[in-house]
Amino acid sequence: MNKLDYDFFNRDILLVAEDLIGKTLVFKNTKYIVSELGIYRGEEDTACHASKGLTNRTKILYDEAGTIYVYLCYGIHNMFNIVTGNKGQPQAILIRGLNNIYGPGKITKKLGIDRSLNGKTVFSKDLYFEDNKKTYNFHRNKRIGINYANEIDRNRLWNFKIEEKDLNYG
DNA sequence: TCAATGATTTTG
DNA sequence: AAAATCATTGAT
């Protein structure tokens with residue numbers, strides 16, 4: 001019905017991110033509002049894992065739109081990303097907030113998402129996104145945790161966030 | 001402000 | 001083969 005399809009994700013990541021913030025993630029029949037996300041856009045983005053080119057780890061970013069990219073950060077936290085854009089164009093959206101839970105590692109811990117989902121897609125029965133026909137007010141902030149990137153990329157407003165007070169479920 | 005904790009990447 | 005680097009979090 002309102003399931004977000006391949007064409008939705010097969011666009012430039014900035015367009016996808018604008019539309020994905022505030023949409024619903026359906027994971028194992030439970031619904032969550034996407035309340036915060038981060039954008040990592042191509043080899044030119046020094047904050048993006050693909051800035052070092054194609055490696056065994058980053059090759060997943062070059063895959064089809066809608067592919068899931070999960071990697072382990074700091075040996076503890078699984079990071080849940082969705083690949084966007086044309087195949088061969090390494091872009092991914094990091095899901096940083098669901099409902100009032102903010103923090104990419106907290107989300108995957110709560111939902112039980114780990115690297116076994118790496119390479120799967122967001123077009124499955126257990127995991128997909130849908131349009132809830134609602135609009136939310138959100139803010140554009142600097143990305144978090146990317147001090148290793150150059151100044152231009154550090155200053156990009158590629159973190160989108162819906163404040164908790166602006167969330168309404170129902 | 002700092003330790004936990006391990007896959008990935010580089011040779012610091 | 002060894003060291004450094006992390007898209008973080010929760011506890012001091």
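Contact annotation for Gly38(A): no contact, since no heavy-atom pair falls under 4.0 Å across all strands.
With the nearest nucleotide of DNA chain B identified for both Cys73(A) and Asn56(A), Cys73(A) has the one nearer the 5' end.
Residue Phe80(A) contributes atom CZ, which lies 16 Å from atom P of dT8(C) at whole-angstrom precision. Rounded to an integer number of Å, the gap from CZ of Arg154(A) to C1' of dA7(C) is 15 Å. We find that CD1 of Ile107(A) is positioned 13 Å from C1' of dA7(C), with the value rounded to whole Å. In this structure, Arg156(A) atom CZ and dA7(C) atom P are separated by 17 Å, rounded to whole Å. Atom pair Lys142(A):NZ and dA7(C):C1' shows a separation of 17 Å (rounding to whole Å applied). Atom CG of Leu54(A) is separated from atom P of dT9(B) by 10 Å (rounded to the nearest Å). For Tyr102(A) and dT8(C), the OH to P distance is 17 Å, given to the nearest whole Å. Distance Lys52(A) NZ to dA4(C) P: 16 Å, rounded to the nearest Å.
For the OP1/OP2 pair of dA7(C) and a distance below 4.0 Å, the side-chain nitrogens and oxygens of His77(A) include no atom meeting the criterion. Contact between the side-chain N/O atoms of Arg115(A) and the OP1/OP2 oxygens of dG6(B) is not found at any separation under 4.0 Å.
For the residue pair Glu164(A)/Tyr102(A), the side-chain donor-acceptor check at 3.5 Å is not satisfied. Remark: the Asn155(A) side chain and the Lys142(A) side chain contain an N/O donor-acceptor pair separated by less than 3.5 Å. A donor-acceptor pair shorter than 3.5 Å can be found between the side chains of Asp114(A) and Ser116(A). Neither side chain, Glu130(A) nor Thr24(A), offers a donor N or O lying under 3.5 Å from an acceptor on the other.
Applying the Watson-Crick and G-U wobble criteria (two distances, each under 3.5 Å), dA2(C) pairs with dT10(B). Across all strands shown, dT5(B) has no partner, as no Watson-Crick or G-U wobble contact with both distances under 3.5 Å is found.
The number of heavy-atom neighbours closer than 6.0 Å to NZ of Lys87(A), taken from other residues, nucleotides and ligands shown, is above 12.
Taking the P atom of each, dT5(B) and dA2(C) are spaced 22 Å apart, rounded to whole Å. Separating the P atom of dC6(C) from that of dG12(B) is a span of 16 Å, rounded to the nearest Å.
The nucleotide whose nearest atom lies closest to any side-chain atom of Lys106(A) is, among dA7(C), dT8(C), dT9(C), dT9(C). In the set dT9(C), dA7(B), dT9(B), dT9(B) carries the atom at the smallest distance from any side-chain atom of Thr58(A). Here the side chain of Tyr148(A) is nearest to one of dT9(C), dC6(C), dA7(B), namely dC6(C).
Ring-to-base geometry does not place Tyr74(A) in a stacked arrangement with dG6(B) (centre distance under 5.5 Å, plane angle under 30° required).
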